[in-house]
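Some notes on the structure that comes next.
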Amino acid sequence: MFDGYETYGLVLVMGPAVHQLLPPERLPRAPVYIGGLLAATMIGWAAGGVTAGIAADYLGRRRTLMLSILCYAVFTGLAAMSWGYWSLLTFRFLTGLGLGAEWGPGAAIVAEFWPPASRGRAGGALHAAYGVGLLVASGIWVLLSPLGQSSWRYMFLIGILPAFLLLYVRRCVDEPAIWIAASRDRREAQERLQMGLLKTEN
């Protein structure tokens, strides 16, 4: 849900943000700068997805999910404090890293924890929550947009809230048994390989 909020929140506020952050002589090219913000977020999203997909297999689903939530909560909060266009672009790329990084470990946890008979419903709920986030972003922007030129900053500040999910994930979410078994098998295979190399050298 927060992914949906964060993504559509950018779409809603990037016009006012760019017009506030750009010098007047560059405003005629505002659509290009707006496209840059979207591109930076999507490139970050793709990079985060690939990186976290690999990390989730080696570091664990839970730890990778926690790092991804922390990444995007921190950088969306910093985006609210942007002092210029290029700082906002940088923060949006880093926010995108966190957004993309959530999907791999999140989907893996759903698939590995839920019983096979319920995985379809769980996956459907996971993806439906994205649409709910879009709706939430729209509603909040209706409330915040009348607050003036800096109202776009408040939208990004709300994106900090997922950081509180870290407490829940840390306390209530365990590593799936499937990943624990696979990680143990990987360590044992590496140990056998190292022992074989040592014997060969001796």
Side-chain angles (χ1 to χ4, degrees), residues 1-18 20-22 32-112 123 126-134 136-137 140-141 152-170 173 175-176 179 183:
M1 185 185 74
F2 281 109
D3 285 356
Y5 170 87
E6 185 63 34
T7 305
Y8 196 54
L10 173 64
V11 172
L12 293 170
V13 308
M14 58 189 178
V18 165
Q20 186 182 69
L21 296 175
L22 284 179
V32 175
Y33 289 96
I34 288 172
L37 292 175
L38 285 172
T41 303
M42 293 300 102
I43 292 170
W45 192 311
V50 172
T51 303
I54 297 170
D57 286 341
Y58 290 93
L59 299 178
R61 282 50 163 135
R62 175 174 168 268
R63 186 180 303 173
T64 306
L65 181 62
M66 290 176 64
L67 289 172
S68 68
I69 293 172
L70 180 63
C71 176
Y72 105 72
V74 166
F75 288 111
T76 192
L78 290 174
M81 303 175 190
S82 298
W83 55 89
Y85 174 80
W86 296 107
S87 62
L88 179 58
L89 185 81
T90 301
F91 291 140
R92 285 309 307 177
F93 170 77
L94 296 170
T95 301
L97 283 177
L99 289 169
E102 281 187 287
W103 284 93
I109 286 174
V110 168
E112 293 170 355
L126 179 69
H127 290 284
Y130 185 87
V132 173
L134 304 182
V136 169
I140 291 178
W141 182 237
W152 63 272
R153 297 182 186 272
Y154 306 141
M155 285 288 285
F156 287 140
L157 283 175
I158 291 172
I160 296 174
L161 292 177
F164 293 104
L165 287 174
L166 291 174
L167 300 175
Y168 170 79
V169 173
R170 184 174 182 179
V173 178
E175 287 290 357
W179 180 84
S183 180

Taking every non-hydrogen atom, the tightest pair across [X] and [Y]:
X      : Y      : value
Phe156 : Leu10  : CZ-CD1, 4.1 Å
Ala52  : Pro105 : CB-CD, 4.4 Å
Gly4   : Leu134 : O-CD2, 3.3 Å
Pro16  : Trp141 : CG-CZ2, 4.2 Å

Minimum side-chain heavy-atom gap [X]-[Y] below 4.5 Å:
X     : Y      : result
Thr41 : Leu38  : no
Tyr5  : Ile140 : yes
Tyr85 : Leu37  : yes

* To do: Describe, in one word, how the ring planes of Phe91 and Trp83 are oriented to each other, choosing from parallel (under 30°), tilted (30 to 60°) and perpendicular (over 60°).
  => perpendicular

* Asked: Does any pair with a residue in residues 81-108 pass salt bridge (charged side-chain N to carboxylate O under 4.0 Å, His left out), and if so which ones, sequence neighbours excluded?
  -> Glu6-Arg92

Can you tell me if [X] uses its side chain to pair, donor with acceptor, with the backbone of [Y] under 3.5 Å?
X      : Y     : answer
Tyr33  : Leu22 : no
Arg61  : Ala56 : yes
Ser68  : Leu65 : yes
Thr76  : Tyr72 : no
Arg153 : Ser82 : yes

* ring-ring contact (aromatic ring centres under 6.0 Å, His included) involving Tyr8 - partner list, sequence neighbours excluded -> none

* Would one find more than 12 heavy atoms of other residues, nucleotides or ligands at under 6.0 Å from atom CZ of Arg63? -> no

* side-chain contact (heavy atoms from CB on, under 4.5 Å) evaluation trace for Trp45 with Thr7 -> CA-CA 10 Å; Trp45 192 311; Thr7 305; 3.1 Å; yes

* To do: Rounded to the nearest 0.5 Å, what's the gap from CD1 on Ile69 to CG on Asp3? Could you check?
  => 9.0 Å

